[in-house]
Chemist: 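Quick one: structure below, then a few questions.
Computed from a predicted structure; not experimentally measured. The first residue of the sequence shown is numbered 1, and numbering continues consecutively from there.
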Amino acid sequence: MRMTRRRAVWSSIAVAVTAAVVVTNVWGNAPRYAAADDLPESLAADGTTVLVGAPDAKVTLRVYEDMSCPSAREYETEGAGPGIRTAVLNGEINTEYRLASFLDRDSGDSSKKAANALRAALEQGKFAAFHQVLFASPAPPGGYTDAVLLERAGEVKGLRGHAFDSAVKEMKYAAWVTASERAYEEAGNPGTPTVEVNGHRLKDEDRWVLYEPGTVQAIVTYYR
């Protein structure tokens, strides 16, 4: 039943891809940006959304993620995530990140600490690079601690330093983490990962596409 539904949905997406005009810029062109470190990144006017990628990209993906979510990790490492990062480097799309921390509700502060560290990385212009490193590394068995976050930050050239390290240890951006979680809740607690393309949220019956490699162009073309 599941595979039948998948084939039907994929068929509808494939038809849309064939019929639609593909995303501006030819997929597979030489990258506009050499690496995640080179990507433009900033905090949006709403104060909670992190913007990554070419400001003039025709397609914007908003991604809701809890850094402790296993499904978000699967999406980022084995599903559509790698293709999306390539498209961002190519300048074909840009991404908006809304970081949630709902998985801390029962106990712990792993998600909050990770979100705070990413906000600190944004101050250094290293959000995208650090975000990629955190998901590329195995999920920490005990969750994200200061020690884990600082160790992994060492893999991002130029990130470690007094400003970043103290922001991690002191939870400097705790208020931002709370505001970001509130924005996630106001969006309807959509679950993570959830993706919106130019304001259009991926339908529940199509969410499996997020976990399939090589589906980026289909997602973007179908939902834009």
Chemist: What's the spacing between Asp38 CG and Tyr33 OH if we round to 0.5 Å?
Modeler: 9.5 Å
Chemist: Can you tell me if Asn94 uses its side chain to pair, donor with acceptor, with the backbone of Val52 under 3.5 Å?
Modeler: no
Chemist: Does anything in residues 111-154 pair up under ring pair (Phe, Tyr, Trp, His ring centres under 6.0 Å), and if so which pairs, sequence neighbours excluded?
Modeler: Tyr97-Phe127, Tyr97-His131, Phe127-His131, Phe130-Phe164, His131-Phe135
Chemist: I'd like to check Val50 versus Leu99 (side-chain heavy atoms, cut-off strictly below 4.5 Å). Are they in contact?
Modeler: no
Chemist: Where the side chain of Glu181 meets the backbone of Ser101, is there a donor-acceptor pair that is under 3.5 Å apart?
Modeler: yes
Chemist: Can you check whether Ala163's main-chain N or O pairs, donor with acceptor, with Ser166's side chain at less than 3.5 Å?
Modeler: yes
Chemist: For residues Ala80 and Val216, report the shortest heavy-atom separation together with the two atoms involved.
Modeler: O-CG2, 3.4 Å
Chemist: Kindly indicate whether the side chain of Val177, heavy atoms from C-beta on, has any atom under 4.5 Å from the side chain of Arg119.
Modeler: no
Chemist: Would you check if Glu96 and Glu196 make a side-chain contact, meaning some heavy-atom pair closer than 4.5 Å?
Modeler: no
Chemist: Could you check whether any side-chain N or O of Ser111 sits under 3.5 Å from a backbone N or O of Leu103, counting only pairs where one atom can act as donor and the other as acceptor?
Modeler: no
Chemist: Between Glu41 and Ala128 (side chain of the first, backbone of the second, donor and acceptor by atom type, cut-off under 3.5 Å), is there such a pair?
Modeler: yes
Chemist: Quick one: list whatever passes salt bridge (Lys or Arg N to Asp or Glu O under 4.0 Å) with Asp46, sequence neighbours left out.
Modeler: Arg98
Chemist: Taking all non-hydrogen atoms of both residues, which atom of Lys157 and which atom of Lys126 are closest, and how far apart?
Modeler: O-NZ, 3.0 Å
Chemist: Checking Arg85 side chain against Glu76 main chain: does a donor-acceptor pair fall under 3.5 Å?
Modeler: yes
Chemist: Minimum heavy-atom separation for Val88 to Leu39, with atom names?
Modeler: CG1-CD2, 3.7 Å
Chemist: Report yes or no: does Ser180 contribute a side-chain atom to a donor-acceptor pair with the main-chain N or O of Trp176 at less than 3.5 Å?
Modeler: no
Chemist: Report yes or no: is the cationic atom of Arg207 (NZ for Lys, CZ for Arg) under 6.0 Å from the centre of the six-membered ring of Tyr75, at an angle within 45° of the ring normal?
Modeler: no
Chemist: In terms of heavy-atom contacts, does CD of Glu151 have more than 12 from other residues, nucleotides or ligands at under 6.0 Å?
Modeler: no
Chemist: If you group Ile, Leu, Val, Met, Phe, Trp and Tyr by side-chain heavy-atom gaps below 4.5 Å, do Leu61 and Trp208 land in one group?
Modeler: yes
Chemist: Just jot down the side chain to side chain donor-acceptor pair (under 3.5 Å) partners of Tyr184, sequence neighbours excluded, or say none.
Modeler: none
Chemist: Is there side-chain contact between Ser110 and Asp104, with at least one heavy-atom pair below 4.5 Å?
Modeler: yes
Chemist: So which of Leu150, Leu159, Asp146 actually passes side chain to side chain contact (heavy atoms under 4.5 Å, CB included) with Asp165?
Modeler: Leu150
Chemist: For residues Val195 and Val63, report the shortest heavy-atom separation together with the two atoms involved.
Modeler: CG2-CG2, 4.3 Å
Chemist: Can you name the nearest heavy-atom pair linking Ala183 to Thr48, along with the distance?
Modeler: CB-OG1, 3.9 Å
Chemist: Out of curiosity, Arg73 CZ to Met67 CE, how far, rounded to the nearest 0.5 Å?
Modeler: 7.0 Å
